[in-house]
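Start at 1 with the first residue, then count along the sequence.
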Amino acid sequence: MSTAYPPEPWDLAGLGHLTTWSVPAAGLPALPFSARPVTVRGRALVTTAFVAYSQAGQMAYDELLAAVVVRHGRGVGLSITDIWVDSETSMLGGRGLWGIPKDLATFDGLRASVDGRPVAGATFAARRLPAVPLPLPVRGRVVQTLHARTVASPIRASGRLRPATAEWRLDEDGPLAWLRAGRPLASVVAEDFRLRFGS
C-alpha cells in the first residue's frame, strides 16, 4: 500500500467552497481518543467543504468533507469525521499516511453521491466584495486516529477568501444527516487555494 500513493507532504492547489456551522455537540460523530470538541453553550464548530484540486498541484481530484474543531493536548485543530474523494490514490494515501477516513464518491460540481445516492450538494454565490488574500500561510493541524493512536498532522494553507452565501442540501438518511441539526454561520470561496498537507 505504501507505494500506491506519494509520500508526505502533499502539495495541492485548487478551488474551495467552505461553510462553518454551529452544531449541537451531543450529535457529533465519534472523535479520536483524547480529542475534544471546542464548544460554546453546548454547540461545536464544524467546517464543511467541497474542494476541487487541480493539476496545478500534485494531484487533481474532487473532495467533500466535514471536520470538527477540536482541542488536542495544548493545541486546537480539525478532526475530519466524514470525507469523500473521487481518487483511489487520495483515498489510500489519506488513510495510510494520516488516518483520514476517506471513501470514494462520484462528483458533479458541488454535488457528491455514493452508489447513486446523494450525500450532499451545495450552491454558493460569491458576494460582490473583493477577495481577501491571506497575509501569511495559515498553519494548523488535523487530528485523526492512525494505527490506534491519536496523531496531529501539520497543514499549511494560502490563497484568497471571498465571502459568499451558501445553501447546503443534506440527504436526511445520509452520512451527513447529523449536520441537519446545525445552522450555517459563514461561507467563503477559497480562490487560488494552496495546501501543504503533512510533514
Side-chain angles (χ1 to χ4, degrees), residues 16-51 53 61-88 90-107 110-122 140-155 157 166-188 190 195 197-198:
H17 294 81
L18 300 88
T19 296
T20 299
W21 303 65
S22 170
V23 178
L28 293 176
L31 297 172
F33 176 77
S34 76
R36 298 291 179 265
V38 174
T39 60
V40 177
R41 296 182 180 178
R43 301 184 72 87
L45 289 176
V46 176
T47 293
T48 53
F50 275 98
V51 184
Y53 294 109
Y61 61 93
D62 288 330
E63 180 175 86
L64 165 65
L65 66 85
V68 181
V69 179
V70 297
R71 296 190 184 278
H72 177 246
R74 296 182 178 179
V76 175
L78 289 173
S79 183
I80 300 171
T81 58
D82 303 90
I83 182 169
W84 295 266
V85 296
D86 60 359
S87 161
E88 186 174 8
S90 175
M91 180 188 73
L92 294 175
R95 292 179 179 183
L97 293 171
W98 305 295
I100 298 173
K102 294 185 178 184
D103 285 313
L104 292 176
T106 301
F107 289 80
L110 302 186
R111 289 182 292 179
S113 60
V114 175
D115 296 329
R117 177 149 192 176
V119 175
R141 304 187 306 162
V142 170
V143 180
Q144 304 295 143
T145 300
L146 179 65
H147 306 313
R149 297 175 54 243
T150 301
V151 297
S153 302
I155 56 173
E167 179 184 351
W168 284 77
R169 298 172 297 280
L170 306 167
D171 186 84
E172 61 183 10
D173 297 317
L176 291 180
W178 57 274
L179 272 171
R180 292 167 63 90
R183 61 176 183 268
L185 299 177
S187 298
V188 297
L195 176 70
F197 206 115

Whether R141 side chain and H72 backbone form a donor-acceptor pair below 3.5 Å: yes

In terms of relative ring orientation, are W98 and F197 parallel, tilted or perpendicular, with 30° and 60° separating the classes? tilted

Pair V142-I80, side-chain contact (heavy atoms from CB on, under 4.5 Å): steps then yes or no: CA-CA 7 Å; V142 170; I80 300 171; 4.1 Å; yes

Hey, is the main chain of V143 close enough, under 3.5 Å, to the side chain of S79 for a donor-acceptor pair? yes

For L170, does its backbone N or O pair with a side-chain atom of R180 as donor and acceptor, under 3.5 Å? yes

Taking all atoms of both residues into account, what is the closest heavy-atom pair of P29 and W178, and its distance? CG-CE2, 3.4 Å

Please walk me through it: do Y53 and V85 pass side-chain contact (heavy atoms from CB on, under 4.5 Å)? CA-CA 10 Å; Y53 294 109; V85 296; over 6 Å; no

Is the shortest distance from a Lys or Arg side-chain nitrogen in K102 or D86 to a carboxylate oxygen in the other one below 4.0 Å? no

Just so I know, are the side chains of D103 and I83 near enough to count as touching, which here means a heavy-atom distance under 4.5 Å? no

Sequence neighbours excluded, the answer for side chain to side chain contact (heavy atoms under 4.5 Å, CB included) partners of L146 is V151

Under 3.5 Å, which donor-acceptor pairs do the side chains of residues 37-45 form with other protein atoms, sequence neighbours left out?
residue: R43; atom: NE; partner: S22; partner atom: OG; Å: 2.7
residue: R43; atom: NH2; partner: S22; partner atom: O; Å: 3.0

Keeping the roles fixed (side chain from T150, backbone from F33), state whether a donor-acceptor pair exists under 3.5 Å. yes

